[in-house]
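One structure is given here, and the rest of the page talks about it.
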Amino acid sequence: MMGFLGPLSRLGSIRSYSGTFKKSQLRLEGVKDVIAVASGKGGVGKSTTAVNLAVALAIKCQLKVGLLDADVYGPSVPMMMKIDRKPDITEDKKMIPIENYGVKCMSIGFLVEKDAPIVWRGPMVMSALVKMTRGVDWGNLDILVVDMPPGTGDAQLTMTQNLQLSGALIVSTPQDIALLDARRGVNMFSKVGVPILGFVENMSFFKCPHCGEPSFIFGKEGARNAAASMGHNFLDTIRSGRQKRF
């Protein structure tokens, strides 16, 4: 985890996305930097990476950190952060993020029943995303980590257009099909002027708990090679197998 925290300490010097909005319109009050953790494809460990990154920044780096679960159709943060209650509301009708492991969290999963399907059309999703950003009293944060939904459609563009993103972290597994979607995600952020902080490869290999030998069951160094071919940094690998829990 600490292997790819280094670039995040330089966020203040990164060119920020302005698009057609003024910076004063984009910046969340009290939030210094906003990082998008994206993949382009679901099921590659994006949410796991976002959660562990947020907790590491809060505990190891002693930063004030928020975590926004923007994956409206498949919210994972409530389970991963062990939160099962609804947020309180301030007098000016803003939601108060729920804190655990030193991280302030907000997710649509806090607002709906645990097993309820999110059967919403596009405008409802866009409205929910806006309310979970500007309708939340985040307080003063050094970094807000955004767990982005998979894909490169309206929801992703809404997040980039409504937040002054300091950069995007791309998560992928080594397979060609996952890397294909990761490249699409990189190109989307590039088109809207969001800097790419680098690639993280999840499920890089499986380390046998008995013999200790690594098995590259999904291919070897796929994300590293993709990052190099696109001119971006490769930050770290995350293996499968027995993991430490925070």
Closest heavy-atom pair, E99 versus K104, reported as atoms and distance to 0.1 Å, is OE1-CG, 4.0 Å
From V103, L141, L57, residue fulfilling side chain to side chain contact (heavy atoms under 4.5 Å, CB included) relative to L63: L57
From N225 CG over to F234 CZ, what is the distance, rounded to the nearest 0.5 angstrom? 9.0 Å
Report yes or no: does D147 contribute a side-chain atom to a donor-acceptor pair with the main-chain N or O of A50 at less than 3.5 Å? no
Can you tell me how far the CG atom of N140 sits from the CD atom of E29, to the nearest 0.5 Å? 8.5 Å
What I'd like to find out is whether the side chain of V55 reaches to under 4.5 Å of the side chain of M81, using heavy atoms alone. yes
Are M132 and Y73 connected in the hydrophobic side-chain network, where two residues link if heavy atoms are under 4.5 Å apart? yes
Distance, nearest 0.5 Å, that separates NZ of K131 from CD1 of I108: 9.0 Å
Roughly how far, to the nearest 0.5 Å, is the CZ atom of R184 from the CG atom of L180? 4.0 Å
Please round to the nearest 0.5 Å and tell me the distance separating atom CG of L68 and atom CG of L163. 7.5 Å
After noting the C-alpha distance and the side-chain angles of L67 and V77, does the key distance pass the side chain to side chain contact (heavy atoms under 4.5 Å, CB included) rule? CA-CA 8 Å; L67 175 61; V77 165; 3.9 Å; yes
Do F199 and D236 have side chains that get closer than 4.5 Å, going by heavy atoms? no
So, for N202 and G45, which heavy atoms are closest and what is the spacing to 0.1 Å? ND2-CA, 3.4 Å
If every non-hydrogen atom of P87 is compared with every non-hydrogen atom of M95, which pair is closest and at what distance? CG-SD, 4.1 Å
Does the pair D142/K64 count as a salt bridge with the N-to-O cut at 4.0 Å? no
Euclidean distance, M188 CE relative to S190 OG, rounded to 0.5 Å: 9.5 Å
Connected via hydrophobic side-chain network under 4.5 Å: M80 and I59: yes
Under 3.5 Å, sequence neighbours excluded: what are the donor-acceptor pairs made by side chains of residues 169-178?
{"unit_1": "T173", "atom_1": "OG1", "unit_2": "Q175", "atom_2": "OE1", "d": "2.3"}

Looking only at non-hydrogen atoms, find the nearest pair between V65 and A58 and report the distance. CG2-N, 3.7 Å
Using a cut-off of 6.0 Å, state whether more than 12 heavy atoms not belonging to K220 lie near its atom NZ. no
Nearest heavy-atom approach of K86 to L111 is NZ-O, 3.4 Å
At their closest point, which heavy atom of C105 faces which heavy atom of F110, and how far apart are they? O-CE1, 3.4 Å
W138 side chain to I96 main-chain N or O, any donor-acceptor pair under 3.5 Å? no
Hydrophobic clustering (ILVMFWY, side-chain heavy atoms < 4.5 Å, transitive) - are L179 and F189 grouped together? no
Between the main-chain N or O of M148 and the side-chain N or O of K46, is there a donor-acceptor pair closer than 3.5 Å? yes
Evaluate the side chain to side chain contact (heavy atoms under 4.5 Å, CB included) criterion for residues V186 and M230: first the C-alpha distance (whole Å), next the side-chain angles of each, then the deciding distance (0.1 Å), finally the verdict. CA-CA 9 Å; V186 169; M230 301 185 78; 3.5 Å; yes
Using side-chain heavy atoms (C-beta onward) and a distance below 4.5 Å, is K32 in contact with I143? no
Taking the side chain as every heavy atom from C-beta outward, state whether R134 and L28 have any pair of such atoms under 4.5 Å apart. yes
A side-chain contact here means heavy atoms from C-beta on lying under 4.5 Å apart; do V37 and L53 qualify? yes
Sequence neighbours excluded, the answer for side-chain contact (heavy atoms from CB on, under 4.5 Å) partners of K94 is T90, D92, D137
Heavy-atom check, side chain of L144 versus side chain of D33, under 4.5 Å: no
Is the shortest heavy-atom distance from the side chain of I98 to the side chain of I83 under 4.5 Å? yes
Side-chain donor-acceptor pair under 3.5 Å between R183 and S229, yes or no? yes
Check: S76 main-chain N/O paired with D69 side-chain donor or acceptor under 3.5 Å: yes
